[in-house]
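Below: the structure, in structure tokens.
All values below come from the heavy atoms of this structure, side chains included, with hydrogens, waters and symmetry mates left out. Quick note on labels: first sequence line is chain A, next is B, and so on, each numbered from 1.
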Protein chains: 2
Amino acid sequence: MGVPFDPKLSKLFRALGDDTRLLIMEQLRQRNDQSLFELCARLIEEHDITLTRQAITRHLNTLEEAHLITTAWRGRTKVHSLTADSFEETINPWLQPFFKGDVE
Amino acid sequence: MGVPFDPKLSKLFRALGDDTRLLIMEQLRQRNDQSLFELCARLIEEHDITLTRQAITRHLNTLEEAHLITTAWRGRTKVHSLTADSFEETINPWLQPFFKGDVE
DNA sequence: TTTACATGCAACACAATTGTTGCATAAAGA
DNA sequence: TCTTTATGCAACAATTGTGTTGCATGTAAA
């Protein structure tokens, strides 16, 4: 049978399966605690992404539901950060057997 | 700006963002060179997946277009295998900066 | 209190994905 | 040749995903 299957994993991969969301991940990797407006501004400036604020919000929600980012309120702005250990805990355990390449 | 963006990456993640396809990857990790019918049989027996042959074919095509698996003809059967180094070449370079956690 | 700011939510349109059924092709064997 | 086996492809329906517009909510500042 192999690995007991984690239903969170496909959701996590699906969340990463979009160019805009990968750019958001890249932005947050460079700098945590960014507000929605900061992220919109940087995506427009650095990557010519022209989406409405609401569209970006939905991408952020998708990433949050996949536990890839976390949010916190600071005054009236909501700041977004990478979930520190999401990769170590989810992707990496799944990925390791493929790296080893042993057929058992 | 950061990393020069690889458009193949989101496609690869999206291909992994489906439970059935993750099960196929798991099957092929355990044993390469499986035909369509072998895969169908094992998915039904071991994971209670009840999909038609045509549905499995489309999942296999999705994985192949993402360069996660490769195919070869052996007589009149088409056998499927993992693309040996797809993870090392695509996911891993992208993943590393997140592991390090350095903010530059 | 009024204004501006930051975000949330719902409805709608459009596109992409997923799975089915039905038929086609092509090769191996009786 | 006829049948079986293994696969491919197209059309259709149902679902999900993506992005927009418009309006609502709540908080900080003037």
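Between the CD atom of A:E64 and the C1' atom of C:dT7 there is a distance of 13 Å, rounded to whole Å. The distance between atom NE2 of B:H59 and atom C1' of C:dT20, rounded to the nearest whole Å, is 12 Å. Atom CZ of B:R76 and atom C1' of C:dA24 are 16 Å apart (whole Å). In this entry the distance linking CD of A:Q34 with C1' of C:dA6 reads 16 Å, nearest Å. What separates CH2 of B:W73 from P of C:dA26 is a distance of 11 Å, to the nearest Å. If you measure from atom CD1 of A:I56 to atom P of C:dT7, you get 12 Å, rounded to the nearest angstrom. Separating the CZ atom of B:R53 from the P atom of C:dC23 is a distance of 14 Å, rounded to the nearest angstrom. Rounded to a whole Å, the CD atom of A:Q54 is 14 Å from the P atom of C:dA6.
Heavy atoms only, all atoms of each residue included: B:L95 and A:I91 are closest at CD2-CG2, 4.0 Å. Of all non-hydrogen atoms in A:A15 and A:L68, the two that sit nearest each other are CB-CD1, 4.0 Å. Of all heavy-atom pairs spanning B:L82 and B:T70, the tightest one is O-OG1, 4.2 Å.
Side chains of A:E46 and A:Q27: a donor on one and an acceptor on the other come within 3.5 Å. Judged purely by distance below 3.5 Å, without hydrogens or angles, the side chains of A:T71 and A:E64 pair a donor atom with an acceptor atom. Between the side chains of A:D18 and B:S10, not a single donor N or O lies within less than 3.5 Å of an accepting N or O. Using modelled atom types, one finds no donor on one side chain facing an acceptor on the other under 3.5 Å when comparing B:Q30 with B:R42.
Looking at A:F87, A:F13, A:F99 one by one, the single match for ring pair (Phe, Tyr, Trp, His ring centres under 6.0 Å) with A:W94 turns out to be A:F13.
A nucleotide of DNA chain D counts as in contact with chain B when one of its atoms lies under 4.0 Å from a heavy atom; the first and last such, 5' to 3', are D:dT5 to D:dT18.
Projected onto DNA chain D by closest heavy-atom contact, A:G75 and B:L36 fall at different nucleotides, the more 5' of which corresponds to B:L36. Each of B:L51 and A:V79 was assigned the nucleotide of DNA chain C with the nearest heavy atom; the assignment lying further toward the 5' end belongs to A:V79. Between A:T62 and B:R58, the residue anchored closer to the 5' end of DNA chain D is B:R58, taking for each the nucleotide with the nearest heavy atom.
Using five terminal pairs a side, the axes of the helix from C:dT1-D:dA30 to C:dA30-D:dT1 at its two ends make an angle of 10°, given in steps of 10 degrees.
Looking at heavy-atom distances under 4.0 Å, A:T50 makes contact with sugar-phosphate atoms alone, never a base. A:R74 comes within 4.0 angstrom of nothing in the nucleic acid, heavy atoms only.
OP1 or OP2 of C:dT7 has not a single side-chain nitrogen or oxygen of A:T57 nearer than 4.0 Å. For C:dT18, the OP1/OP2 oxygens have a side-chain nitrogen or oxygen of B:R21 closer than 4.0 Å.
Under a 4.0 Å N-O distance rule, the pair A:E26/A:R29 qualifies as a salt bridge.
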Intermediate values then yes/no, side-chain contact (heavy atoms from CB on, under 4.5 Å), A:H80 and A:L39:
CA-CA 9 Å; A:H80 307 76; A:L39 285 168; 4.3 Å; yes

